[in-house]
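Position 1 is the first residue of the sequence, and the numbers go up from there. The shown structure was predicted, so the numbers you read here are calculated from the model rather than taken from an experiment.
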Amino acid sequence: MSVPVLEMKNISKSFYGTQVLKNIDLRVAKGEIHCLVGENGAGKSTLMNILFGMSVITNTGGYDGQILINGEHVAFNSPKAAIEAGIGMVHQEFMLLPGFTVTENIKLNREDTKPNLFSKIFGKKLETLDRKKMSADARTALDKLGMNIEEWVTVEGLPVGYLQFVEIAREIDKEGLQLLVLDEPTAVLTESEAEQFLEVIRRLADTGISILFITHRLDEVMAVADNITILKDGELVRSGPTESFTIAQIAELMVGRRIDTSARIGGERPKAATEKVLEIRDLHVDMPGERLRGIDLDVYKGEILGIGGLAGHGKIALANGIMGLYQSVGQVRYEGTDLPLNSPREALNRGLAFVSEDRRGVGLVLEDTIANNIVLTSMQVQDKFLKPGPLKLKDQKKITQHALESIERFDIRCTGPDQIVRRLSGGNQQKVCIARAFTQNPKLFFVSEPTRGIDVGAKARVLELIVELNRMGATVVITSSELAELRSISDRIAIIYEGKLSGVLAPDAPDLEYGLLMAGKSLEEVGVSEGTAN
């Protein structure tokens, strides 16, 4: 048997007396795609932080167990040491410099230089950047990922899917790469982008690079993995070849309970009213990479309307534009009167709530507490949780009590209401965002990519919460890159193509119709009858 590229033996780790990993074994062979799955809090990221020598591990007492790279014992005390050993890692949260270009981010701290007159006299430190070589290297890495983006464009303002590919391109560009760790790399990608990405990692594995792939998308696991390791509550549940698992088995092992992935979440809801609560006419939204180019759409009171489509076609821009986060023109009528555009405060004042697709950049105050994040918008816009009187002082007792109730209601896994939000898992951060929306008691609720980057158990709970809010009387507009997710809770689904409305379908419409609308076509255009499509 050949020596594995990576072997982790009996890895255990505790944080301040709480054991988060217990005797974990992991083995990855040369050229293997190994998927690591588990709910948020299962210990996946901690295990990878140990492997990569992250300071959060070294500064908290280290770990127990052994790590071997190509059969040699190692103990990385910094990411730099791991990188020098041929390990690359793409973290779940972006680590790009917004004001830098794509090339500058790819080559960061590894810039190519060339000599000049001064460097020949005074030394290498005065060499100038070899922009031609840097550009060529960046272009090669981007081409491997199938990205046609210009390599000298600034990354700030690019869609999140593009940012993820830039992160991956940076790792591919490094010399001596033998093991690439990918922490939820497709969480920000649409289905088509994810398919493109999976093909890329297959090609990388074929060249001998080992891939350690952390994902919550179980269909991706089955599509590309050679072997699968499942963690639950910091312990190894099962590890083995992919053909020995089914998706249902993986989901059940991850969460310890059987999950029905096909049933309609929340059951059937009463038929939505015919009263229009939102009328959108010729709406244009200038959101970089996701522009809307004139859309007409009606939203009916009491319904859950899904918004779908491929990346870059504008689906994310709809909610962002109406909520005033990007420059918009057109007409939006809410409850029969015009809603002023480009004014987030006015949208909130009118009873609209929004959970952004960028929960860390827009949705949360990361360095503040769970309690303050939950009440922030209601306190600022609705004057809730304030003591009587002209000074508008915070009523901390009410805030804490409401936070405790929300933590229990939304199953936020935390140490208490005073825990800093940054330290929560992605799924629990998303629950805080939704708890904030519930606190506003909105009449119209926009939510974008609500389950991005969270595990299958948390995903089901988040979707259940959205349905619960709808049953409390809120009209919901949910944007998602996962059609199965939209079809599980929506009453109707609108597909956006090239910035315009391609069509609106029932959740049980045939897959063919959805595929055609996402390509900007209809059944009639391709000569298929509805009976044939069914």
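- Residues in residues 50-64 take part in these side chain to side chain donor-acceptor pair (under 3.5 Å) pairs, two or more places apart or across chains: Lys13-Thr60.
- Note: Leu486 CG to Ile493 CD1 = 5.0 Å, rounded to the nearest 0.5 Å.
- Under a 3.5 Å cut-off, the side chain of Glu303 and the backbone N or O of Tyr300 do form a donor-acceptor pair.
- Side-chain contact between Arg170 and Glu167: present, with at least one pair of heavy atoms (C-beta onward) separated by less than 4.5 Å.
- Residue Arg423 places its CZ atom among 12 or fewer non-hydrogen atoms of other residues, nucleotides or ligands, all under 6.0 Å distant.
- Considering every non-hydrogen atom in both Leu236 and Ile24, the closest pair reads N-CD1, 3.4 Å.
- Here CD of Gln249 is found 8.0 Å from OG of Ser244. Values are rounded to the nearest 0.5 Å.
- For the pair Asn372 (side chain) and Asp368 (backbone), a donor-acceptor distance under 3.5 Å is absent.
- A donor-acceptor distance shorter than 3.5 angstrom exists from the side chain of Ser356 to the backbone of Asp358, with no hydrogens or angles considered.
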Decide side-chain hydrogen bond (donor to acceptor under 3.5 Å, both in side chains) for His34 and Thr229; before the verdict, give the C-alpha distance in whole Å, the side-chain angles of both, and the deciding distance to 0.1 Å. CA-CA 8 Å; His34 195 116; Thr229 293; 2.7 Å; yes
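- Taking every heavy atom of both residues into account, Asp491 and Pro507 meet most closely at O-CD, 3.2 Å.
- Arg492 approaches Val299 most closely through the heavy-atom pair NH2-CA, 4.2 Å.
- The two atoms that bring Ser328 and Asn342 nearest to each other are N-OD1, 2.7 Å, heavy atoms only.
- When side chains are defined from C-beta on, Gln327 does not count as touching Val285, because their heavy atoms never get closer than 4.5 Å.
- Scanning for side-chain contact (heavy atoms from CB on, under 4.5 Å) contacts around Lys443 gives Tyr334, Glu335, with sequence neighbours left out.
- Between Arg413 and Asp411 there is a salt bridge, since a side-chain N of the basic residue sits under 4.0 Å from a carboxylate O of the acidic one.
- A side-chain donor-acceptor contact under 3.5 Å links Thr215 and Glu220.
- Lys174 NZ: more than 12 foreign heavy atoms inside a 6.0 Å radius.
- Between the side chains of Gln66 and Asn10, no donor N or O sits under 3.5 Å from an acceptor N or O.
- The CD1 atom of Ile420 sits 9.0 Å away from the CG atom of Asn373 when rounded to the nearest 0.5 Å.
- For the 3.5 Å distance criterion, the side chains of Thr479 and Glu449 fail to qualify, holding no donor opposite an acceptor.
- In this structure, Pro450 and Ile478 have side chains that are in contact, with non-hydrogen atoms separated by less than 4.5 Å.
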Residues Asn227, Thr242; criterion side chain to side chain contact (heavy atoms under 4.5 Å, CB included); working and verdict: CA-CA 5 Å; Asn227 287 283; Thr242 303; 5.5 Å; no
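- Side-chain contact between Ile67 and Ile11: present, with at least one pair of heavy atoms (C-beta onward) separated by less than 4.5 Å.
- No donor-acceptor distance shorter than 3.5 angstrom exists from the side chain of Ser78 to the backbone of Gly53, with no hydrogens or angles considered.
- No side-chain heavy atom of Asp395 sits under 4.5 Å from any side-chain heavy atom of Leu386.
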Under the criterion side chain to side chain contact (heavy atoms under 4.5 Å, CB included), I'd like the reasoning laid out for Ile399 against Met379: C-alpha separation, chi angles, the key distance, then a yes or no. CA-CA 10 Å; Ile399 291 172; Met379 188 166 55; 4.2 Å; yes
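- Residue-environment remark: NZ (Lys384) exceeds the threshold of 12 foreign heavy atoms within 6.0 Å.
- Side-chain N/O atoms of Ser480 and Glu485 include a donor and acceptor closer than 3.5 Å.
- Looking at heavy atoms from C-beta onward, Ile57 lies in side-chain contact with Phe15 at the 4.5 angstrom threshold.
- Judged by distance alone, the side chains of Asn428 and Ser425 do bring a donor and an acceptor atom under 3.5 Å apart.
- When atom types are taken as modelled, the side chain of Thr475 and the backbone of Gly302 share a donor-acceptor pair closer than 3.5 angstrom.
- Between Ile228 and Ile230 there is a side-chain heavy-atom pair separated by less than 4.5 Å.
- The main-chain N or O of Glu346 is found under 3.5 Å from a side-chain atom of Ser343 such that the two form a donor-acceptor pair.
- Distance check: Phe410 CZ to Glu405 CD gives 10.5 Å after rounding to the nearest 0.5 Å.
- For the pair Gln419 (side chain) and Thr415 (backbone), a donor-acceptor distance under 3.5 Å is present.
- For the pair Asp25 and Ser239, the minimum side-chain heavy-atom distance is 4.5 Å or more.
- Considering Leu444, Val467, Asn470 as possible partners of Val476, the one that fulfils the side-chain contact (heavy atoms from CB on, under 4.5 Å) test is Asn470.
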Does the side chain to side chain contact (heavy atoms under 4.5 Å, CB included) test come out yes or no for Ile168 and Val90, once each step is laid out? CA-CA 6 Å; Ile168 297 165; Val90 176; 4.0 Å; yes
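- A donor-acceptor contact shorter than 3.5 Å is absent between the side chain of Glu7 and the backbone of Leu26.
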Just do the ring pair (Phe, Tyr, Trp, His ring centres under 6.0 Å) check on Phe354 and Phe445 with the steps written out, would you? CA-CA 6 Å; Phe354 179 42; Phe445 177 42; 8.7 Å; no
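- Applying the ring pair (Phe, Tyr, Trp, His ring centres under 6.0 Å) test to pairs two or more places apart or on separate chains, those with a residue in residues 363-401 are Phe385-His402.
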